[in-house]
Amino acid sequence: MRDMPQADPAATLLSWYDTHARDLPWRVPPQDRLAGVRPDPYRVWLSEVMLQQTTVAAVKDYFHRFTRRWPTVEALAGAEDADVMAEWAGLGYYARARNLLKCARAVTRDHGGRFPEDHVALLGLPGIGPYTAAAIAAIAFDHPETVLDGNVERVMARLHDIHDPLPGAKETLRARAAELTPRERPGDHAQAVMDLGATICTPRAPACGICPWRDPCLARARGTAAILPRKTPKRPKPTRYGIAYLAEREDGAVLLERRPDKGLLGGMLGWPGPEWGDAPDETPPFEADWRELPGEVRHTFTHFHLVLRLRCAILRADASPDGLEPIARHEFRPQALPTVMRKAHDLWRSAAADGSRVRTD
DNA sequence: CACTCGTGGAA
DNA sequence: TTTCCAAGAGT
């Protein structure tokens, strides 16, 4: 009888979570949760969408701005598209913002302003996939759904020393995670596994010594934690080239274009220019006295590098080229642009400042 | 299933 | 400097 029955790993994890849960703006702490406080499904949904492939540090300020400006899903549903896209600017993956609005309007119109509790019903909403549906059902409604994100994949791969590479091993890892999902406090369990992955079972240099699962963890026993999970190698990123045309009118307005909903930076404002590629078309989008700006903008997207040359011009105050939106000086906020476009703006303005300094010297 | 789709921080 | 990576979804 030397083999004492191993404590239930899920129970061990919940005990750890009760004392180590991260303090996050959208989270109901475990003590409050146990006292009966329910999370606001709107905030759970909003945070989960923002957190898709995005770090907590990057999300926090956006979450505060969104919830202050639009405190309920119905308020968000009534927002202007352009306002939501501008508020999302800089966070990336802009399809999330477009789907966020679609989803808010669907919840408002089709569900009376209340998020459905059912995992399958949630899956039918725009921007809610397998992970987010499970996360909302578990965290907001305490349904015993299994969440599978990058954290859970990594923790399960190590706990069970699974060497099959992702994404192929995903269903195996999901099964291992499902076995651990408890019927009591499934919402806290889901958040606990993700907290564990974010703070202890990290991608590099996991802190196995202080892990609540150090005893049952196979990878720790075998010394393989650092190399798990395995992943199939990514393709190298090619470099594409582009030209951005930055025009300012004599009345101070700048000329931007609203990019089509589909594709890169879809739905966002940007400087006009040719499609990015190996050798972009040199033809300006409209006639003007274009000047080359020295230097270039370098930016890396998910699957390619971009080198962007800049051309600038001053237009008459009554200029209004087809397909472009003149935005008045006092309404224009560079922060409302996606990062690559904001970089172009910043280089333009700093070059203009240098130029005027030279002239006045 | 494979590919597209952003960004910033860490090593 | 480059690579890796983060609470993925849509097509």
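FYI, side chains are in, hydrogens and waters are out, and symmetry mates aren't considered; it's all heavy atoms of this structure. First the proteins, then the strands, lettered A, B, ... as listed; each starts at 1.
- At whole-Å resolution of the value, CG in Asp61(A) and C1' in dG8(B) are 13 Å apart.
- For His303(A), no side-chain nitrogen or oxygen approaches OP1 or OP2 of dC3(B) to under 4.0 Å.
- In this structure, CG of Leu91(A) is placed 13 Å from P of dG9(B), rounded to the nearest angstrom.
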Mark up nucleotides 3-11 of chain C, 5' to 3', with B wherever a protein heavy atom is under 4.0 angstrom from a base atom, S wherever such an atom reaches only the sugar-phosphate, and - elsewhere. --SBBBSS-
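- A salt bridge does not link Asp142(A) to Arg38(A): none of the charged nitrogens lies less than 4.0 Å from a carboxylate oxygen.
- Between the P atoms of dG8(B) and dA9(C), the separation comes to 22 Å (whole Å).
- With DNA chain B read from its 5' end, the first of the two nearest nucleotides for Phe304(A) and Lys343(A) is the one closest to Phe304(A).
- In this structure, Arg259(A) satisfies the cation-pi test against Trp276(A), with its NZ or CZ atom closer than 6.0 Å to the six-membered ring centre and inside 45 degrees of the ring normal.
- Residues Glu292(A) and Arg311(A) are paired through a salt bridge, judged by an N-O separation under 4.0 Å between the basic side chain and the carboxylate.
- The C1' atoms of dA7(C) and dA2(B) are separated by 23 Å, rounded to the nearest whole Å.
- To the nearest angstrom, C1' of dC1(B) lies 13 Å from CD of Glu171(A).
- Residue contacts for Gly266(A): at a heavy-atom cut-off of 4.0 Å it reaches no nucleic acid atom on any strand shown.
- Residues Arg176(A) and Glu153(A) are not paired through a salt bridge, judged by the lack of any N-O separation under 4.0 Å between the basic side chain and the carboxylate.
- Which of dT7(B), dC5(B), dG6(B) sits closest to the side chain of Val340(A) comes down to dT7(B).
- Checked for salt-bridge contact, Arg329(A) and Glu248(A) meet the test: a charged N lies under 4.0 Å from a carboxylate O.
- Spacing between atom CH2 of Trp88(A) and atom C1' of dG6(B) amounts to 11 Å, rounded to whole angstrom units.
- The aromatic rings of Trp348(A) and His345(A) lie perpendicular to each other, with more than 60° between the two planes, well past the 30° mark.
- Interface remark: the Thr302(A) side chain does form a donor-acceptor pair with the dG6(B) base, using a distance-only criterion of under 3.5 Å.
- Distance Phe301(A) CZ to dT4(B) C1': 13 Å, rounded to the nearest Å.
- Across the interface with DNA chain B, nearest-nucleotide mapping of Arg235(A) and Ala58(A) shows Arg235(A) to be the residue nearer the 5′ end.
- Note that Arg96(A) lies outside the cation-pi zone of Tyr93(A), set by a 6.0 Å cut-off to the ring centre and a 45° limit from the axis.
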